[in-house]
Amino acid sequence: MFKKIIKGGQRKHSKSDSTDASLYGSGPNSNAVAAPSRNSDVPMAPPPMATVEPLPLFRDVPVSDRQNLFMRKLQICCFQFDFSDTLKSAREKEIKRQTLLELVDLIQSGSGKIMERCQEEMIKMIGVNIFRCLPPPSHENTGQEATDPEEDEGYLEPSWPHLQIVYELLLRYVVSSDTDTKVAKRFIDHSFVLKLLDLFDSEDHREREFLKTILHRIYGKFMVHRPFIRKAINNIFYRFIYETERHSGIGELLEILGSIINGFALPMKEEHKLFLVRALIPLHKPKPVGAYHQQLSYCIIQFVEKDYKLADTVIRGLLKYWPLTNCQKELLFLGELEEVLEATQSAEFQRCVVPLFRQIARCLNSPHFQNWVNNDFDAQLLSACDISPLTFHWLLPFCSSSDRKVLVLAEFHTQWITFCKGGYNGTFGVLGYLLFISKVSTVLVAERALFLWNNEHIVSLIAQNRQVILPIIFEALEKNIRSHWNQAIHGLTANVKKMFMEMDAELFDDCHRQFEEKEARAQEVEEQREMTWKKLVDAAAHRGEDNMVTV
């Protein structure tokens, strides 16, 4: 009896059980991407293909053959072609493109689970296509100096029609709810992530946008990779800051980090604070900071808003890397400083108030300005006006983009061009017009610094610490009133002085008295110096007369 029960419990596998084990796992209605069971058929790698030939669609073959068809399609997608010649291998390129599109549709549809072996081979195929040596930067090919990344169009990858679909396939695989991270992490490992990060140096902005989205999704889905990804991005920043100062994808990496920082839990880990101090703040140092400053500023503000105690660290970091001669960077720093101060509380403000307002005082007296150049408009203007580039670029510092469009074509074309061609005899009208443009067409460093007093929160912080702040900046305000070349600065400075008088008239009078005494002492020292030099000159002249020899 016992032997009969044992024999009855043993069930033979039917044919349907073996044939249903396909590319889609144990059945067409399953919706999970998972490893194959022990009883399922593991797809064998097909023999290598010598040529690219069209293959049938998945829906046109039996279920039992789909796994092998999937592997053969992956082989087609591994073929590499020369995209510098659009006519070369045009048929094979189109076959590969259509095959890639079919794979994307298959992954996106989620109609069934994909065998583990097929997933592995698919990731290998993706790596064969996207992991490559990037061409050298365009400025290295031409021998020219590196240009501003915002103005440089950059290199466009000729194989992008295929690369785009490969990236789309990878993205669909990562974001799919059917993808099992326990299986996928075996293929999307640390080596894969590092190679993906290397591609961020591509000059093709379209590729960087796809990479940004994919890496962000990998960070969100594969929690095991998160510390490694942060560390790898840190290393890219370190090399950019201290070695090359040339990388095309810093802005995109900062965009990813902005989202990551936004999700940091409180209290913030020491690791994240070190990242702020060692990587983010030093990113203000490189010359091309303007290309990624918006994303960098967002990351910095995220830190301050999450932990207000970091405000002092951030402000002192900005002061450490404050530009000395680059007025464009100085304007960016002033804008970021205002955003940081908006999130700063009184206690942190008091810790850095002295070095902060010493730097602001220097900015208040800055004679520098920044012009925003529109190269396309400049070329059109040169062509229309028929004047030499040397003459035009001499005039350029007086004109911003908006003023050139509104004013230059209207007035400059009728007066200045006539003057350049020798048909205009009176120069007073042209010089007066140039003076008019100079007053309205520039962004001044001093003006941007004075705009800090338009922020109510910053004014409240200043009012609480006026006893310390006013003595530091009073001299800079007085010098602006007396000698700054721009009339708009005079008006803004007068408004700031009036604000301090209303805050504390007694303090203002004391500062004014101390300034007058300092000026008087400086005048006495100058007069004494001149008298000393005069005595030396007279003594040298007298000694020269005594030593003269008569022949």
Side-chain angles (χ1 to χ4, degrees), residues 319-320 322-327 329-330 333-334 352-370 394 397-398 427-428 431-432 434-435 438-439 442 444-450 452-453 462 465-551:
L319 297 177
K320 178 181 178 180
W322 200 277
L324 299 178
T325 58
N326 191 327
C327 56
K329 284 181 66 174
E330 201 163 8
F333 275 51
L334 285 167
C352 60
V353 64
V354 174
L356 172 60
F357 277 87
R358 283 176 181 168
Q359 180 59 58
I360 291 176
R362 288 190 285 270
C363 293
L364 292 176
N365 289 146
S366 172
H368 299 149
F369 57 87
Q370 172 63 33
W394 178 84
F398 296 100
T427 60
F428 180 80
L431 295 178
L434 293 180
L435 181 61
S438 70
K439 292 180 181 180
T442 54
L444 301 169
V445 173
E447 182 180 27
R448 186 63 187 87
L450 288 165
L452 293 175
W453 274 264
I462 292 173
N465 299 272
R466 60 184 180 274
Q467 297 286 346
V468 178
I469 294 173
L470 185 56
I472 296 174
I473 67 169
F474 188 87
E475 182 177 352
L477 296 175
E478 282 295 324
K479 287 183 178 179
N480 272 359
I481 292 292
R482 297 185 182 187
S483 60
H484 200 282
W485 63 272
N486 188 276
Q487 290 297 323
I489 299 301
H490 292 188
L492 291 171
T493 304
N495 292 337
V496 173
K497 287 184 65 177
K498 182 180 178 181
M499 194 179 297
F500 276 110
M501 289 181 64
E502 294 174 352
M503 287 180 189
D504 195 331
E506 183 179 352
L507 175 63
F508 186 89
D509 292 338
D510 289 343
C511 292
H512 189 272
R513 177 179 52 79
Q514 293 174 10
F515 175 76
E516 293 293 342
E517 291 175 357
K518 183 179 179 180
E519 287 289 298
R521 289 194 300 269
Q523 183 65 27
E524 291 177 3
V525 171
E526 181 65 20
E527 291 175 357
Q528 185 65 33
R529 188 183 68 84
E530 290 181 359
M531 289 178 61
T532 302
W533 273 109
K534 186 177 180 181
K535 290 178 181 179
L536 289 173
V537 171
D538 292 343
H542 181 68
R543 179 172 296 183
E545 293 176 358
D546 293 343
N547 293 337
M548 288 180 64
V549 178
T550 305
V551 180

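Worth saying up front: this structure is predicted, and the values here are computed from it rather than measured.
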**Q.** Asp509 side, atom CG; Met501 side, atom CE - distance, nearest 0.5 Å
**A.** 6.5 Å

(Q) Can you confirm whether Gln523 sits close enough to Glu519 that some side-chain heavy atom of one is under 4.5 Å from a side-chain heavy atom of the other? (A) no

Q. How long is the gap from CG on Asn480 to CD on Glu475, to the nearest 0.5 Å?
A. 11.0 Å

Q.
Suppose we screen for side-chain contact (heavy atoms from CB on, under 4.5 Å). Which residues come up paired with Glu330, at least two apart in sequence or across chains?
A. Trp322, Pro323, Gln359, Cys363, Val445

Q) Rounded to the nearest 0.5 Å, how far does SG of Cys352 lie from CZ of Phe357? A) 9.0 Å

Q. Are any side-chain N or O atoms of Asp504 and backbone N or O atoms of Gln467, one a donor and one an acceptor, separated by less than 3.5 Å?
A. no

Q) Looking only at heavy atoms, which two atoms of Lys479 and Asn365 are closest? And how far apart? A) CB-ND2, 3.8 Å

**Q.** Inter-residue atom distance Ile473.CD1 - Cys511.SG, 0.5 Å rounding
**A.** 9.0 Å

Q.
Run the salt bridge (charged side-chain N to carboxylate O under 4.0 Å, His left out) test against Lys320 and tell me which residues pass, sequence neighbours left out.
A. none

Q. Do you know which two heavy atoms are closest between Leu364 and Ala446, and how far apart they sit?
A. O-CB, 3.3 Å

Q: To the nearest 0.5 angstrom, please state how far the CG atom of Leu470 sits from the CG atom of Leu477.
A: 7.5 Å

Q: Supply the atom-to-atom distance Leu444 CG to Leu450 CG, rounded to the nearest 0.5 angstrom.
A: 9.5 Å

Q. Quick one: side-chain contact (heavy atoms from CB on, under 4.5 Å) partners of Asp510, sequence neighbours excluded?
A. Glu506, Arg513

Q: Side-chain contact test, heavy atoms from C-beta onward, threshold under 4.5 Å: evaluate it for Lys518 versus Arg521 and give yes or no.
A: yes

Q.
Between His484 and Ser366 (side chain of the first, backbone of the second, donor and acceptor by atom type, cut-off under 3.5 Å), is there such a pair?
A. yes

Q) Quick one: are Ile462 and Phe500 in side-chain contact, heavy atoms under 4.5 Å? A) yes

Q: Kindly indicate whether the side chain of Met503, heavy atoms from C-beta on, has any atom under 4.5 Å from the side chain of Phe508.
A: no

